[in-house]
Colleague: 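Sending over a structure as structure tokens; questions will come in a sec.
All values derive from a computational prediction rather than experimental measurement. Chain letters run A, B, ... following the sequence lines, proteins first, then strands; residues in each count from 1.
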Number of protein chains: 2
Amino acid sequence: MVASPHRDASPNNLELRDLLESSFQNRNLVTMAAGSPVPLLKDHVWLVVRGMTKLVTSYMSGDEALLGLVGPNEPFGEPLSQVEPYEAVTLADSDLLCLRWDELSTNPDLSGAMLMAMARRYRQAESLLALMGLRRVEERLRGFLELMARDYGQPCENGIRISVRLTHQELASALGTTRVTVTRFIGQLRDEGWLVMEPGRHLVVKLNQSR
Amino acid sequence: MVASPHRDASPNNLELRDLLESSFQNRNLVTMAAGSPVPLLKDHVWLVVRGMTKLVTSYMSGDEALLGLVGPNEPFGEPLSQVEPYEAVTLADSDLLCLRWDELSTNPDLSGAMLMAMARRYRQAESLLALMGLRRVEERLRGFLELMARDYGQPCENGIRISVRLTHQELASALGTTRVTVTRFIGQLRDEGWLVMEPGRHLVVKLNQSR
């Protein structure tokens with residue numbers, strides 16, 4: 001079991017959004033449709049206000065790898081990466097706020113809240129690293145879906161609904177495997193009853209919520 | 001090429017150390033010999049003042065994976081991870097400062113500097129994720145040594161000296177491969193002249209420093 005429930009209490013999230021709304025009054029707020037590439041500007045970070053962005057890199061071989069998912073109240077951008085090539089693409093219709101990185105770190109009201117947000121991003125990256133060390137693809141897939149459920153899921157009648165839609169190819173990129181293998185193991189997890197596919201391709205994961 | 005030179009300017013590092021020294025006056029400063037496990041205390045982070053700590057997880061299979069290297073002016077600890085099991089071990093004789101996480105985020109003098117430090121940790125984790133997606137172990141090894149050289153190396157006559165000592169087994173854990181494979185590729189990189197082994201097992205990497 002790789003990911004345990006360990007998120008910041010939600011007050012921090014609310015606090016950051018409130019702070020940003022009052023500090024920036026929605027200047028530099030940009031709305032983008034799902035599937036849009038987000039331009040990476042030097043010395044600026046994007047803060048996801050609504051929606052979800054994926055961060056990816058690609059290799060000479062043509063393979064792609066997922067470096068992270070960035071959800072509401074989380075930052076990404078040029079100052080936060082040293083990977084090349086580096087691409088950010090919205091996974092859902094999103095509102096994004098563009099902020100100067102030095103402004104965040106020198107504004108005492110913002111830097112504390114942003115530190116919490118940065119810690120969330122770090123924990124996710126570390127969890128992905130732990131997952132990538134699992135030998136069996138099935139364990140990586142189960143761990144990845146657990147991570148998505150805990151980080152971005154909503155509790156529902158049957159478990160936790162993952163509202164982010166990732167294709168089997170995107171899951172394969174995230175897990176260093178092939179689309180065919182993902183499809184096979186997704187089927188297995190559904191047969192086990194651990195995973196349920198709801199209308200509209202939403203996944204519902206049955207986590208033991210008492211953990 | 002995965003890692004490009006993109007570190008914060010060193011003034012930030014100095015600033016954080018100065019701030020901590022004045023804020024905390026070395027209370028909670030602990031000195032540990034190389035190879036010591038660092039106790040993880042709830043709601044506290046450790047800040048490396050001198051030395052280096054590695055973060056690892058282990059699997060049911062008995063395999064281990066490196067989750068990160070934490071160098072001077074960088075934090076790690078219980079609030080910054082959701083991986084289980086999770087272990088921190090000093091790789092060199094180290095001075096570590098134990099700080100309450102909520103104290104860092106609410107102290108406006110500290111939170112800005114800590115945000116920069118957290119961003120460095122995040123960039124490293126993301127770079128490791130990008131490396132893990134490389135198919136060929138040789139590329140992963142070369143990329144990992146480049147990352148260590150850029151993050152923690154010192155320029156010297158022959159290139160960049162990596163002062164952290166990792167065994168071939170530790171490199172293998174970091175790269176999801178075997179000790180034997182690491183030893184073979186280290187030999188290859190030495191034959192190429194890209195890697196030089198100095199007395200005392202220090203590695204020197206020939207990076208193109210103009211990049």
Side-chain angles (χ1 to χ4, degrees), chain A residues 1-8 12 45 55 57-61 63-68 75 78-84 86 101 104-119 121-136 139 147 150-151 173 176, chain B residues 1-8 12 45 55 57-61 63-68 75 78-84 86 101 104-119 121-136 139 147 150-151 173 176:
Chain A
M1 201 51 29
V2 172
S4 63
H6 197 325
R7 314 307 295 167
D8 296 325
N12 280 322
V45 293
L55 308 176
T57 190
S58 52
Y59 303 105
M60 303 277 268
S61 62
D63 293 335
E64 214 178 56
L66 183 76
L67 301 176
E78 188 268 352
L80 302 181
S81 186
Q82 55 195 356
V83 173
E84 279 175 22
Y86 183 78
W101 178 233
L104 289 176
S105 52
T106 51
N107 177 329
D109 288 333
L110 283 177
S111 59
M114 194 52 75
L115 174 59
M116 293 297 174
M118 202 65 238
R121 299 284 312 119
Y122 173 72
R123 281 194 293 259
Q124 184 194 85
E126 201 191 56
S127 293
L128 287 175
L129 271 172
L131 281 180
M132 292 308 287
L134 287 166
R135 284 210 191 156
R136 295 174 58 212
E139 288 179 24
L147 188 151
R150 290 193 195 284
D151 284 10
S173 293
Chain B
M1 200 54 24
V2 173
S4 64
H6 196 322
R7 316 304 297 167
D8 295 324
N12 281 322
V45 293
L55 308 176
T57 191
S58 53
Y59 303 104
M60 304 277 268
S61 63
D63 293 335
E64 216 178 56
L66 183 75
L67 300 176
E78 188 268 352
L80 302 181
S81 186
Q82 54 195 354
V83 172
E84 279 174 24
Y86 183 78
W101 178 233
L104 289 175
S105 52
T106 52
N107 178 327
D109 287 335
L110 283 177
S111 59
M114 194 52 73
L115 174 60
M116 292 297 175
M118 201 66 237
R121 301 285 309 118
Y122 173 72
R123 282 193 292 258
Q124 185 194 83
E126 201 191 57
S127 293
L128 287 175
L129 271 172
L131 281 179
M132 293 307 287
L134 287 166
R135 284 210 190 156
R136 294 174 59 211
E139 287 178 23
L147 187 150
R150 289 193 197 283
D151 283 10
S173 292

Colleague: Nearest heavy-atom pair of A:Ala119 and B:Leu80: which atoms, and what distance?
Modeller: CB-CD2, 3.8 Å

Colleague: Mind ranking A:Pro108, A:Ser105, A:Ser111, A:Gly176 by heavy-atom pairs under 4.5 Å with chain B and telling me who comes out on top?
Modeller: A:Ser111

Colleague: Picking from A:Ala65, A:Ser61, A:Gly112, A:Pro75, which has the most non-hydrogen pairs under 4.5 angstrom with chain B?
Modeller: A:Gly112

Colleague: Find out whether B:Arg123 and A:Tyr122 are in side-chain contact, i.e. whether some heavy atom of one side chain is under 4.5 Å from a heavy atom of the other.
Modeller: no

Colleague: Between A:Leu67 and B:Leu129, which heavy-atom pair has the shortest distance, and what is it?
Modeller: O-CD1, 3.5 Å

Colleague: What part of B:Thr57 gets within 4.5 angstrom of chain A, counting heavy atoms only: side chain, backbone, both, or neither?
Modeller: side chain

Colleague: Once rounded to the nearest 0.5 Å, what's the spacing between atom CD of A:Glu126 and atom CG of B:Leu128?
Modeller: 10.5 Å

Colleague: Among B:Met114, B:Met132, B:Arg135, which residue has the highest count of heavy-atom pairs closer than 4.5 Å to chain A?
Modeller: B:Arg135

Colleague: Could you tell me whether a side-chain N or O of B:Tyr59 sits under 3.5 Å from a main-chain N or O of A:Ala130, the two making a donor and an acceptor?
Modeller: yes

Colleague: Is the closest side-chain heavy-atom distance between B:Gln82 and A:Asp151 below 4.5 Å?
Modeller: yes

